[in-house]
Amino acid sequence: MSDRLVRVRFAPSPTGYLHIGGARTVLYNWLVARKVGGTFILRIEDTDRDRHVEDSVGKILEDLRWLGLTWDEGPVVGGPCAPYFQSERLDLYHAHARRLLESGDAYYAFETSEELEASRESARVEKRSYKYVRPSPLPTIAQGEAAQAAGKAVVVRFKMPGEPITVHDEILGDVVMPAEELEDFVILKSDGWPTYHFACVVDDELMRVTHVIRGQEHLMNTPKHIAMQRALKFATPSYAHPPIIFSMDGTKMSKRDKEKAIKEGRTPPEIEVHDFRVSGYLPEALLNFIALLGWSSGDDREHFSVDELIERFSIERVGKTNARFDRDKLLAFNTDWCAKTPPLRLLAAFKDFLAVNASPLLKFDDAMLARLLAAKKGLRTFRDVVDSARFLVQRDEEVWPDGGPINPDAVRKVLEKNEGAGYRTLEAILAKLDAFADWTAEGLHKLIETYCAASGAKMGDVAQPLRVAITGSTVSPPIGDSLALLGKDATCARIRRCLSARRGA
RNA sequence: GGCCCCAUCGUCUAGUGGCCUAGGACACCGGCUUUUCAUGCCGGUAACAGGGGUUCGAGUCCCCUUGGGGUCACCA
């Protein structure tokens, strides 16, 4: 098969934002397509009307765009195999179900889900393993249609051929499923909609998908799909089931972890792609990191741009073992990426971060934001920048409230010790700042240096009291930058408030 | 529980029978740099799950045990 004809797809169901595991699956598919100039298809599997979450297609598309994982066919862009929403392809599924019915590879079945659940339950109670028993004799098509016309709940089941099926997996090798494990399953629900298995197989064929890359939780589905492909005389695509991504505690990463954390008063972990965006990660770093969850280049390199991933990725180098999502390592990756990302790109990503957070920093112009970014060397996430810039959007009264200092420890450690040496330094430097004209980071830095040289003070003896005075805390960007960013008026006003707060105490 | 998959430092992994005295990265510990936080730099601790084979030789191949995971829907 020619590489150019490689067609892969990502087929999310619209139940919320894009999950991080899903993102890794998209990435692998996308990489495979981009590497050989193949086609990456996005298909929306919205056949479950009960679980459909409003607007989640839009959210998934947005997450994909943020990651830069563009699709060649699918929602918005369309394509030769449109529509790309399964909810708009119902007659296709019905036509193929009809074929299976007529060839005897599928049959109508009349059990209700309540009846089936009851027999499953009794099997559980009696500790027997449950398996659906094929009715005998099988209802005829005419009987099925009559029941349907009479308003009975009717499904269509696929008749498994009763022989073992081997999945040739690109990652796992050959996996043989014993025939006894493969029972007849529903392909058309009583509401007339197809199940995942059926819609997936029909669409993969109709969309000429050549390679299926999906999480290992789908491995057991594959024999069913292969059986249907044979019955329908479809081609069987090449399969690859990458291992699953777990949280550090070894459980599956789940949205519920967020709710649980909130309930327990912890900060919720990032689970969906959107969470990482909100938390201030760079998509480049996230992509780089998740690529490595299962894949490795073979040498000692770990940092790859998207282009480098495209060049070096191959499904053969994907491992078989489940990976844990190590947030510390992600953070380290993000730190590295922030340090090496060009200022313009970093600024754009930062603005996106501020926008999704509706940050008060949005009031600053690009030049100011660029200065903020530059002043925060060694940033780990954009959140760090916002934290370090908080004093810029606070009012003077918030930094030095009338009721007392917001950070008494800082006041004690920096200002009050040595009989209030910090306060005396502030008084002395305030006079100089008041009269200072060159209000730039460099100019201010020099002013402080000069003061230190003249007074014999160390840099920290001056910078820390200033920092506390203008921010109320011991943490801020380098002092020259902090003063310059704040501006002369606010700086002097805050120092005065700080000094009078002492007198008031 | 049945079936299926997996098994190298705490974590992600390199390793395809001799190059392994098991390499890298993150975390951790120690040191250095430093006006705060953070970055950065240097160094260190740390793994082949256990037991049998096969072989001159096994982390690498086979079997068993143990452990972990997935899956058993009219969800996808």
Side-chain angles (χ1 to χ4, degrees), chain A residues 11-15 45-48 50-51 109 111-113 116-117 120 124 127-132 153-157 167 169 171-173 175-178 180-183 185-191 193-197 199-200 214-221 223 241 243-244 246 248 250-252 289 292-303 319-333 335-336 338-339 376-380 384 387-388 410 414 445 448-449 452 458-464 466-468 471 473-480 482:
Chain A
S13 64
T15 54
E45 309 220 321
D46 52 352
T47 55
D48 186 348
D50 296 336
R51 294 213 314 174
E111 301 88 353
T112 65
S113 21
L116 292 169
E117 185 43 48
R120 269 188 224 108
R124 261 195 298 276
K127 291 188 169 175
R128 288 181 288 110
S129 67
Y130 170 81
K131 191 183 173 189
Y132 177 81
V154 170
V155 301
V156 176
R157 274 181 192 266
V167 180
D169 190 278
I171 295 168
L172 267 9
V175 179
V176 185
M177 286 298 300
E180 315 81 69
E181 297 301 316
L182 276 9
E183 61 178 30
F185 55 94
V186 174
I187 60 175
L188 234 41
K189 303 182 245 183
S190 57
D191 63 8
W193 289 57
T195 58
Y196 157 73
H197 302 295
C200 172
R214 64 198 349 176
Q216 223 165 79
E217 65 270 21
H218 284 288
L219 183 60
M220 295 315 225
N221 295 331
H241 293 93
I244 300 173
F246 291 101
M248 279 308 278
T251 59
K252 243 178 167 176
F289 179 71
L292 260 25
L293 258 24
W295 174 84
S296 71
S297 68
D299 56 28
D300 285 340
R301 265 194 74 189
E302 291 198 316
H303 287 74
K320 303 176 179 180
T321 44
N322 294 153
R324 294 187 188 213
F325 193 91
D326 186 348
R327 290 165 198 284
D328 289 334
K329 187 156 182 173
L330 201 218
L331 196 56
F333 267 57
T335 307
D336 291 335
C338 285
K376 182 60 194 170
K377 288 269 185 288
L379 72 154
R380 295 160 76 73
D384 291 348
D387 287 346
S388 75
V414 176
H445 183 77
I448 296 167
E449 271 183 338
C452 286
K458 300 186 69 169
M459 197 66 175
D461 298 334
V462 183
Q464 280 306 82
L466 275 173
R467 202 172 331 257
V468 172
T471 70
S473 81
T474 56
V475 180
S476 85
I479 196 65
S482 294

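Predicted model, so just to flag it, every value in this text is computed and none were measured. To find a chain, count down the sequence lines: A is the first, B the second, and so on, and within it residues start at 1.
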Could you give the distance separating [M] and [N] at their [atom1] atoms, to the nearest angstrom?
N      : M      : atom1 : result
U71(B) : U65(B) : P     : 24 Å
U16(B) : C74(B) : C1'   : 46 Å
G68(B) : G10(B) : C1'   : 16 Å
A38(B) : A27(B) : P     : 13 Å
A14(B) : U36(B) : P     : 41 Å
C63(B) : G1(B)  : P     : 22 Å
A22(B) : U45(B) : P     : 12 Å
G52(B) : G59(B) : P     : 14 Å

Specify the separation, in whole Å, of atom [atom1] of [X] and atom [atom2] of [N].
X         : N      : atom1 : atom2 : answer
Asp300(A) : C12(B) : CG    : P     : 18 Å
Arg467(A) : C37(B) : CZ    : C1'   : 8 Å
Lys320(A) : U13(B) : NZ    : P     : 14 Å
Phe289(A) : U11(B) : CZ    : P     : 14 Å
Asp299(A) : A25(B) : CG    : P     : 13 Å
Lys458(A) : U34(B) : NZ    : P     : 9 Å
Leu293(A) : C6(B)  : CG    : P     : 19 Å

Centroid separation Tyr132(A) to Phe185(A) less than 6.0 Å: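 So the answer is no for these two rings.
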
Given [options], identify the nucleotide with an atom nearest to the side chain of [X].
X         : options               : answer
Thr335(A) : U8(B), U35(B), U39(B) : U39(B)
Leu172(A) : U36(B), U13(B), C5(B) : C5(B)
Lys377(A) : C6(B), A38(B), U13(B) : A38(B)

Check every strand shown and say whether [X] touches a base, only sugar-phosphate, or nothing at a heavy-atom separation below 4.0 Å.
X         : answer
Ser129(A) : nothing
Pro178(A) : sugar-phosphate
Val176(A) : sugar-phosphate
Lys127(A) : nothing
Gly294(A) : sugar-phosphate
His303(A) : nothing
Pro243(A) : nothing

Partners passing salt bridge (charged side-chain N to carboxylate O under 4.0 Å, His left out) against [X] (at least two apart in sequence or in another chain):
X         : answer
Arg120(A) : Glu117(A)
Asp336(A) : none
Glu302(A) : Lys329(A)

5' precedence on RNA chain B between Lys376(A) and Phe325(A) (nearest-nucleotide basis): Phe325(A)

Whichever of Gly480(A) and Gly298(A) has its nearest RNA chain B nucleotide further upstream toward 5':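 Nearer the 5' end of the strand: Gly298(A).
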
Counterpart residues, ring pair (Phe, Tyr, Trp, His ring centres under 6.0 Å), relative to Phe246(A) (two or more places apart):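 With sequence neighbours excluded, Phe246(A) shows a ring pair (Phe, Tyr, Trp, His ring centres under 6.0 Å) to no residue whatsoever.
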
His218(A): ring pair (Phe, Tyr, Trp, His ring centres under 6.0 Å) partners, not counting sequence neighbours: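 For His218(A), the residues satisfying ring pair (Phe, Tyr, Trp, His ring centres under 6.0 Å) (neighbours in sequence not counted) are Tyr196(A).
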
Whether Arg324(A) side chain and Asp326(A) backbone form a donor-acceptor pair below 3.5 Å: no

Donor-acceptor under 3.5 Å (Thr47(A) side chain, Trp193(A) main chain): no

Qualifying residues under side-chain contact (heavy atoms from CB on, under 4.5 Å), relative to Arg51(A), sequence neighbours excluded: Thr15(A), Asp48(A)

With sequence neighbours excluded, residues passing side-chain contact (heavy atoms from CB on, under 4.5 Å) with Lys320(A): Ile171(A), Leu172(A)

Each nucleotide N or O in nucleotides 26-30 of chain B that has a protein N or O under 3.5 Å away: list the pair and distance.
from   : atom 1 : to        : atom 2 : distance (Å)
C26(B) : O2'    : Lys329(A) : N      : 3.1

What is the base-pairing partner of [N], counting Watson-Crick and G-U wobble geometry with both distances under 3.5 Å?
N      : result
G67(B) : C6(B)
U39(B) : none
G1(B)  : C72(B)
C28(B) : G44(B)
A58(B) : none
A22(B) : none

From NZ (Lys376(A)) to CG (Asp387(A)), nearest 0.5 Å: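 The distance works out to 8.5 Å.
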
Per-nucleotide protein contact string for nucleotides 60-76 of chain B (B base, S sugar-phosphate only, - none; heavy atom under 4.0 Å): ---------SBS-SBBB

Heavy-atom side-chain contact between Leu116(A) and Tyr130(A) under 4.5 Å: yes

